[in-house]
Structures are given as structure tokens and as C-alpha cells.
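Below: one structure, written as C-alpha cells.
Here is how names work: the chains are called A, B, and so on, in the same order as the sequence lines, proteins then strands, and each is numbered from 1.
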Amino acid sequence: MNTDLPKGYDPAQVEQKWFRCWEERGDFHADEKSPKPHYSIVIPPPNVTGVLHMGHALNNTLQDILCRWKRMTGHEVLWMPGTDHAGIATQNVVEKQLAAEGKDRHELGREAFIERVWTWRSESGGQIINQLKRLGASCDWERERFTMDEGLSKAVREVFVRLYDDGLIYRDNRLINWCPRCHTALSDLEVEHDDKKGNLWHLRYPVVGTDRYLVVATTRPETMLGDTAVAVHPEDERYSDLIGKMVLLPLVNREIPVIADEYVDKEFGSGAVKITPAHDFNDFEIGKRHDLEFINVLDESGIINENGGPYSGMERYSARVQIVADLESQGLLEKIDDYANAVGECYRCKTVIEPYMSKQWYVAVKPLAAEAIKAVETKETVILPPQWEKTYYEWMYNIQDWCISRQIWWGHRIPAWFCDDCGEITVSREDATACSHCGSSNLQQETDVLDTWFSSALWPFSTMGWPEETEALKKFYPTSCLVTGFDILFFWVARMMMMGIKFMDDVPFKEVYIHALVRDAQGQKMSKSKGNVIDPLTIVDEYGADAFRFTLCAFAAMGRDIKLSTERIGGYRNFVNKLWNASRFALMNLEDFDPAANSLDGLELSHADQWILSRFASAAEEANKALGAYKFNDVASVLYSFTWHEFCDWYVELSKEDLYGEDAAVRSRTQTVLYTVLEGLLRLLHPILPFVTEEIWQVLPGERPTITIMQAEYPVGDVIPTSAAAVAEMEIVMDVIRAIRNVRGELDVPPGKRIQVVLDCKNSAAQVAVESGRSHILSLARVENLQVGIDCERPKQVSTQVAGDVEVLIPLAGLINVEEEEARLLKEMAKVQKDVDFFTKKLSNEKFVANAPPQVLEKDRGKLAAAEEKKAILELSLLKIRTLK
RNA sequence: AGGCACGUAGCUCAGUGGGAGAGCACUACCUUGACACGGUAGGGGUCGGCGGUUCAAUCCCGCCCGUGCCUACCA
């Protein structure tokens, strides 16, 4: 066995080695036939086009921590991985490839294009899967799914047909968000609103039969080509005489009516609004109310169509410039104001979207949403942290029908066929060959595909084999938990809730844990366009996956965004290295140790042993508690401080004399404790630091019940009972050591210098405690002559410090000068004086004494007494020191 | 416009109705046989501002200022 660990931890080879080992051994695999209680998570499927970013890193690290923890606590864990087919994004990628070859998809035709996408996918899609593995993600990779897989596609058809049959899917011709570049409709959610600087153009529309103008304001002057009315508020006196009259639409010379509608805000602009029912959502509603004409002036690429008269064939923004210029030359441009407003952009390509009339497929979501709301209200699904519940309700109560059809090729083609003969629609699970209305075989399949989120919404059950009744579904549905960022709460979580309840008759997950967004150090959202992205894999290369994971875990406090700083990652890299070196120390001292031949049972444990074992128990307890409550940062902090500040700083140091001493029994007892605590600590840390813990665990001496630490049991608390009294005595010894070190440090006593110390104890209990730690005090405080007693004889020139019931006296002779000690005492006294003042004031407040709970009172009185006593001792010492000057 | 967060040490962030914490950075000393990615000691904050509730507020409530995010049809 190799116990010669290198001096510094080198993550690179270690990570690769263990990940391969786990995967080959099947440690990640979930067994649906297992009798163990289940724990399941479906991964939020990243886009097949995606590359790992910080959001993925955080999201998957948290899931992995949960999954590894649950495996270790005896659960059969299914973490279902996969990617989604990202319809628009993927099609864009492949279209770009084609463009580089001077082709476009229409030349290839639909089938060849789709084939080309599949080729792209198998060659360069899904890189993110390997990137997730580099983080240590313990998904059941054998089950990896893709939303375009055959099984998942079958689920999509099943759902479509059933929703259609239930009347929840329908077709309608209305305004939708149209991306003129992607040439497809988008759902409301897929439009991003960004405040942009623009203008408000004030146009003059001549009133027919008068010499008056009606001034209207618009942010999109080119739409005037499609105006079919001007609206004013019915109670606006300025215009009441014009209602019912006609204005002459400039440039196109069309007479359009002045109508009255409550929608108009009298205060805004001129109080008169041009109405373009075919190109504006509000105008659309007004158009319907007033039975106006809907004139579409754009084609699907955003180019003015034949309805635009002289502007026909112009691109929308060129047309805007031209129209403004023409209006101006005709004296019909009143003024141009600067104006900022939220412009809708395509979330995939950032092209400004156009409200566009077209016939699309919709899901009537209101009835589904009602059930999804109920499930959260009744806590069948719990959303954490709870403030997100409100956001969820808000969205669900105001939900609009979901436009699910996309005019692209890559995706699940809508299973609907139009009959050439009777014009009716046939919707079918199998490809239709005959019209279900007239029997005709002259059918054309709908060319549109479904929104990618439609298939994502089925993910929690489609990945488990639905619509088949599989063992996996029986065992693992509903899933235990969903871990995700709030940015897809509506896109995904809400829709999974609706679909899960509708088709599985049960919620898709019992808990939803919403985590923060990772931002850069300035708090900006990371984005390629801002150039502020930090590549997680670069971080992994530089600091190691474990250090990165620990950082994410430590930062993942509920309800707050994460501003990632590389300094902090460096700090946790040091932590991993610290663990590594503490382990090296242990291994060096465990070479002759056999865990099988040594047990804690029946050993007479030292105070130090009992202290570290009791601290370990409490760290384990807190870690479990925090993990169960998704308090990832608490887990990190508990384990960090136990590892570094208790195990390394104290126990490792305390153990040295016993390990290096002559007494074989003492040595073996200490080895047993050292082994027990380190081995347990590695298991405690494993969910966060999977790689380094496995590497160390594997070289520990002896055999353990499982082959890998992954499958080992998670520590829960006490390894063996410890005596509270012994632990308390150890704490006193530690306080004394700290007090001596404090004096040494303050008075600049060289660290190597061995000194004399007198410990004057107030009572025999303190004396017993101190005596029990005599050897520790000698070694850790570098003391060569230690006197312990009650009412000891005090050397004349001493430095005085107080540690609870123990007065720490350090003879000055030859060490330090009187002035320095005087200064130190004054500083120390100033601190104590603050305490005395604070508690004196507090306790002299009659109302406080009358109202505060007795335990608070008692505690504060104790604190005051202790402070006063300490002050008295220091004061006396100061007097004595001053007589020596 | 509405909603939701946030404002704590130089920086990044925890935290709690009862004397303010961590990491990094900083200062001093130290190559002590696991570790200089280290050790020991230390300095540093009227917990955004103003009011209120309370014996007690950084924490609860109100208002204000600042920052960020989400939702929304003001042309």
C-alpha cells in the first residue's frame, strides 16, 4: 500500500482516475428493483448545444452533493441525466454551418436537414455531458436521455393527442411574437424585454374635410402603413368632436376612422393613438372591439409586403427611416422625442421580435394551472426558499395560453394532418393515413414542430419510460427533489407541474429547491456579450474540481445571488490541501496500524480523544441537519471549521506527543482515534469533495465494508459515548494554552523560546483540569517549567493573563521588559473594562431586571462577575508591575 | 407601473430578539519532524439612513436613500 502521498495535492489525475472507477463499477447506477427507500432527481436538461457555464456548475454540484449524501444514507438514488434538443438554438447552429458552406436548409430539404442535425449532434452535440462528469456528477449515465429520443418522442405524441382530445390544444389565428430571423413564433416567455433608447415620433394625420391635424405618437413609425384607425379617449374634450370623423393616413392615402376607446391614456403624448391591429398587441384588442380591418404590412422576414405600397420590399428599419423622411418632407412630422422603452427580443438570437398575425397551436393552460397551484398550496410540492412560492403563484394566476407551435424543422413535428378534401384536422398517435372525418387519404402533415419546452415539461416521467408503465416510474416517480435556478421557474418548473399532475396524477417532485444565479464579482449576470464569463472548466483546471465544488457549496446560501470570486476559490483549494496534508500526517503515523485489530470500545480515551470525538459527533449531526434543509453553506462552514480548526489545529497537534511517545498502548489508542476521526471525516466531506476524499480513503490502512467511499455510510453522530466532564476539562486546557500563547504573542516572546509558567487555580476543579492537560500545555505553549497550584506563591515580576478560573502567570525575568507588560495589561484592561461597563449598565436598568427572562439575567450577572474578577486581577498586576519600574 | 430581493470588517459573504462572525486581504513574529496552498498572535465594523414596537433591535414594523432582478399592453 502506498502511504507516500505527495506533499501537495494534485487534483488532475486523481479526479480522472476515480471518476472512471466509479462509473465502471456502476456506483452511479440506480436499481429500480432495490428494496431501499428511493431518492430521485431529474437533471434540468441542459441544451444539447450548450457548454458548461457557472449556472450549470452550481446547479449540478448541489444535486451531486444531495445525491451522494443520500446514497450514503442508505437510499437507492436515481439521478437522471440528459439534454434537451433546443429546437431553435440547435437549428441555428446547423444553419450557420450550412451558411458557411454557402447553403441553406431549403436547398437540403426538410429530411436531409434533420439528418444533418442528427449528424451534428452525434459529432459535436452534448459536450456538456462530459463537462458535467469533470465536476464529478454522479448521474446514472447509463440512463442518459435526450428529448428527441424515440421513447420521449412517443411521450410527446401521447400528451399532444390526449390534450387535443380533451380540448386543451387548439389552433387560432392571432398576434404572436415573431422572430423575423428565426422565422418562427415564440411564446411570451421566449421574448426578452430590454430597455432601449429610441425615439417617439409625433406624426400629423390630416383630418378629412378640415384643415386640422390629429397628432399621434409612435415608437414604430413604419407600422403606420397598417393603421386602420386613430383612437382617442371617449372623455377627452380636445377630440370629442372628431370621434366618428375620418383622417387621411399619409403616404398610403387611406381614410381611417377616429374611434373612442377607454384604453387610451389622455395624459400620454398627444392623447391620440394610431391603431395598427395587425402589428401591436393592444391595437389587436382594440381592432377586435371596434371591428377594424387587420392589415398585415410585413412578411415573415420583417420586410414590408405588398400592403406597404411604395415601401414594399424594404426592410423594416430602412422603411422606418424612409417613412420618417417622407413625412417630414410633407410637413407631417410634428417632432421627434428621445424615448426609452422595452423592446422585445428573441431569446435565442436577440433580433427584435414583431407582433405578427398567424395561425398557431395553443395549449389552454388555465385548467392545468389550477391543479398546479393547488399542489403547491396543499404542500404536495414544497418550493424552497418559500419566497419563490409567491412568484410561482403570481405567474400561475396570470397565465396566458401557451403558443406551442414553432415554424422550424428541428423538433417534434406536430402530429396533426390536414385533409385536402374536407379541410378537417386529424390528430393521431400513429402517422395518419386517412382523414378521421371523411376518410380521405389526401392528408398533409402539419409542418410546424413543438416548442422544446413542451417536451421538457414531460421530462420527469418521459425519461422514466412513460407512457409505458415501467418499474422505474413505480420506484422513482414522483421525484424527491428538483434543483434549479429561478430563471426557468416558469419555463420549466411550472410546466412540469402542470404536465406531471395531468398525466401522472401526481406531482413531478416533492420539493423544489431554487438556487441563486451565479454572477461575476461585480454582481453582473455572466454573459458572452458582456465578456465577463468565467469558464468553470478553467477553474477546475486551476484549482481542482473539489475546491470549486466546495466554493459553490459555501456560496450557496438560500435566497441570495452568488458573486463568484476566484480568491475565495483559492481559499478552498488551500482547504483541500490542508485536508490532504493532515491525512499525510495521519498516514505516516498509521503505517503500523491495523484498524481491524483495534477498536475504540473499551479503550481508556484521553481527554483530547474524547474532545475530538465529541466535536466530530456534533459536526456530523450538524452536517446532516444542514443537508436535509438545503443549507449548503452551513454544511460547508461546519465541515470547514471542524476539519481545519478542530481536527488540524488541535487534535493533530495534541496527538503528536502520544504518537511519538514510548508507551505503545498510548500510541495505539491515539492511532485508533486518529484513524476513526479521519476516516469518518472523509466520509463527512465526500459529498462535497468526492475526489480527494476517495483518494485518501483508498490509502488508509485496513479494509472497510465497502470498496469505494461513495457507497460507505454517512456519519450521523456519536461514534462512541464521551464524557462531558472530560471534554469540558479539555476546553479549559485549551483556554490556558491560548492564554499563554496570547501573552507570548503580545510580548514578542520568540516562538522557539521555552518559558516558565505558573498556573494559579481558583479551585481544585480547575486544578484537576489543568493537571490533566499538563503535557499538552508543555508542548503546545512551549513551556519548560510548569507549576500548578491553588494560591500559588507568585513570582515578583510576572505577566498576568486570565483564563476562566485559572490565572496564568509568566515570570518576566530575562524575557521581556516591564514597560511592555504594562502596555499589554493596559490594553487587556481596556477590553475588560468595556465588558464591565456594558453589563453594569445593562444590569442597573430596572426594567431589564424586571422583565428579562431569568436565564438571561443569570447569564449576564455571571459575565459581569467574571469580567470584574478579571479586571481586578489585571489591576493588581498592573500595580505590582508599576512598583518595579 | 407592480412585485421580490439585497445594502454587515478593505473585498466576497454568513448570521441572530439578548455582549458582531468566516474566508481572502492586512500587521508582527516563526523554514517546530503533515502542510509557507503553512503556524501563532494581532488590528479592523455607530450591521445603508430616520422613526416605531420591546426591558432589550443588526435582527420585527413603517418611511426614506441606494443596488439588483422579475413581471407588465402605456402608444
Side-chain angles (χ1 to χ4, degrees), chain A residues 5 7-9 193 200 216-220 223 231 263-265 267-276 280-285 339 341-342 355 387-388 390-391 394-395 398 486-487 489-490 517 519 521 523-525 543 547 551 554-555 557 559-589 633-634 636-637 640-641 648-649 652-653 656 660 738 741-752 779-782 834-835 838-839 842 845-853 855-857 859-860 863 867:
Chain A
L5 297 183
K7 193 168 170 181
Y9 173 59
H193 296 275
L200 194 57
V216 297
T218 179
T219 54
R220 296 187 297 155
T223 62
Y263 157 77
V264 179
D265 178 357
E267 310 303 320
F268 190 90
S270 62
V273 190
K274 60 189 272 309
I275 302 298
T276 325
D280 182 281
F281 290 102
N282 298 310
D283 295 4
F284 179 82
E285 294 302 321
Y339 190 71
N341 70 333
Q387 67 250 32
W388 290 108
K390 203 175 167 182
T391 312
E394 194 72 20
W395 158 257
N398 297 310
F486 59 81
D487 48 336
L489 183 63
F490 308 138
L517 237 51
R519 301 174 186 282
Q524 300 282 308
K525 200 167 171 175
Y543 298 95
T551 310
F555 267 114
R560 195 202 257 261
D561 283 345
I562 295 177
K563 287 191 236 170
L564 199 69
S565 75
T566 49
E567 287 84 2
R568 212 110 164 217
I569 305 172
Y572 291 118
R573 187 254 333 261
N574 297 352
F575 173 73
V576 171
N577 196 53
K578 186 76 180 175
L579 174 69
W580 179 259
N581 277 292
S583 305
R584 283 180 67 216
F585 165 82
L587 288 163
M588 284 173 186
N589 289 287
N633 61 314
D634 285 356
S637 122
Y640 184 98
S641 65
C648 294
D649 288 352
V652 164
E653 296 306 323
K656 282 178 180 172
Y660 298 152
R738 283 190 199 100
R741 284 171 167 177
N742 166 261
V743 173
R744 295 184 62 125
E746 290 283 295
L747 296 183
D748 288 332
V749 177
S779 67
L780 297 191
R782 301 240 143 200
K834 267 191 189 169
D835 294 353
F838 179 84
F839 288 106
K842 200 170 176 186
N845 180 346
E846 284 168 31
K847 284 180 178 170
F848 172 66
V849 178
N851 290 301
Q855 28 330 350
V856 172
L857 222 51
K859 206 170 109 197
D860 284 0
K863 283 179 178 175

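As the counterpart of B/rU27, B/rA41 is assigned, both hydrogen-bonding distances of the Watson-Crick or G-U wobble pattern falling under 3.5 Å. Across the strands present, B/rC73 finds no partner; the criterion is a Watson-Crick or G-U wobble pair with both atom distances under 3.5 angstrom. Across all strands shown, B/rA22 forms a Watson-Crick or G-U wobble pair with B/rU12, both key distances being under 3.5 Å. Pair check for B/rC60 finds B/rG52; Watson-Crick or G-U wobble, both atom distances under 3.5 Å. Base pairing analysis places B/rA36 opposite nothing; no Watson-Crick or G-U wobble pair with both distances below 3.5 Å involves it.
Between A/Glu394 atom CD and B/rA1 atom C1' the separation is 13 Å, expressed in whole Å.
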Problem - Trace of the side-chain contact (heavy atoms from CB on, under 4.5 Å) decision for A/Leu489 with A/Trp388 - result: CA-CA 9 Å; A/Leu489 183 63; A/Trp388 290 108; 4.1 Å; yes
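Distances shown here put a side-chain N or O of A/Asn742 below 4.0 Å from the OP1 or OP2 atom of B/rG42. Taking side-chain N and O atoms only, A/Tyr339 has no distance below 4.0 Å to OP1 or OP2 of B/rC74.
No N or O donor and acceptor, one from the side chain of A/Arg741 and one from the base of B/rU40, sit under 3.5 Å apart. Judged by distance alone, with hydrogens and angles left aside, A/Glu653 brings a side-chain donor or acceptor within reach of the base of B/rA34, the pair sitting under 3.5 Å.
Evaluated for a side chain to side chain contact (heavy atoms under 4.5 Å, CB included) with A/Leu780, the options A/Arg741, A/Lys656, A/Arg738 yield exactly one hit, A/Arg741.
Nearest to the side chain of A/Lys390, among B/rC4, B/rG18, B/rA75, sits B/rC4.
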Protein and nucleotides 36-39 of chain B: nitrogen or oxygen contacts under 3.5 angstrom:
from: B/rC37; atom 1: O4'; to: A/Asn574; atom 2: OD1; distance (Å): 2.9
from: B/rC37; atom 1: O2'; to: A/Asn577; atom 2: ND2; distance (Å): 3.3
from: B/rC37; atom 1: O2; to: A/Arg573; atom 2: NE; distance (Å): 3.3
from: B/rC37; atom 1: O2; to: A/Asn574; atom 2: OD1; distance (Å): 3.4
from: B/rG38; atom 1: OP1; to: A/Asn574; atom 2: ND2; distance (Å): 3.1
from: B/rG38; atom 1: O3'; to: A/Lys578; atom 2: NZ; distance (Å): 3.0
from: B/rG39; atom 1: OP1; to: A/Lys578; atom 2: NZ; distance (Å): 3.0
from: B/rG39; atom 1: OP1; to: A/Trp644; atom 2: NE1; distance (Å): 2.6

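Mapping A/Ser270 and A/His193 onto RNA chain B by nearest heavy atom places A/His193 at the nucleotide closer to the 5' end.
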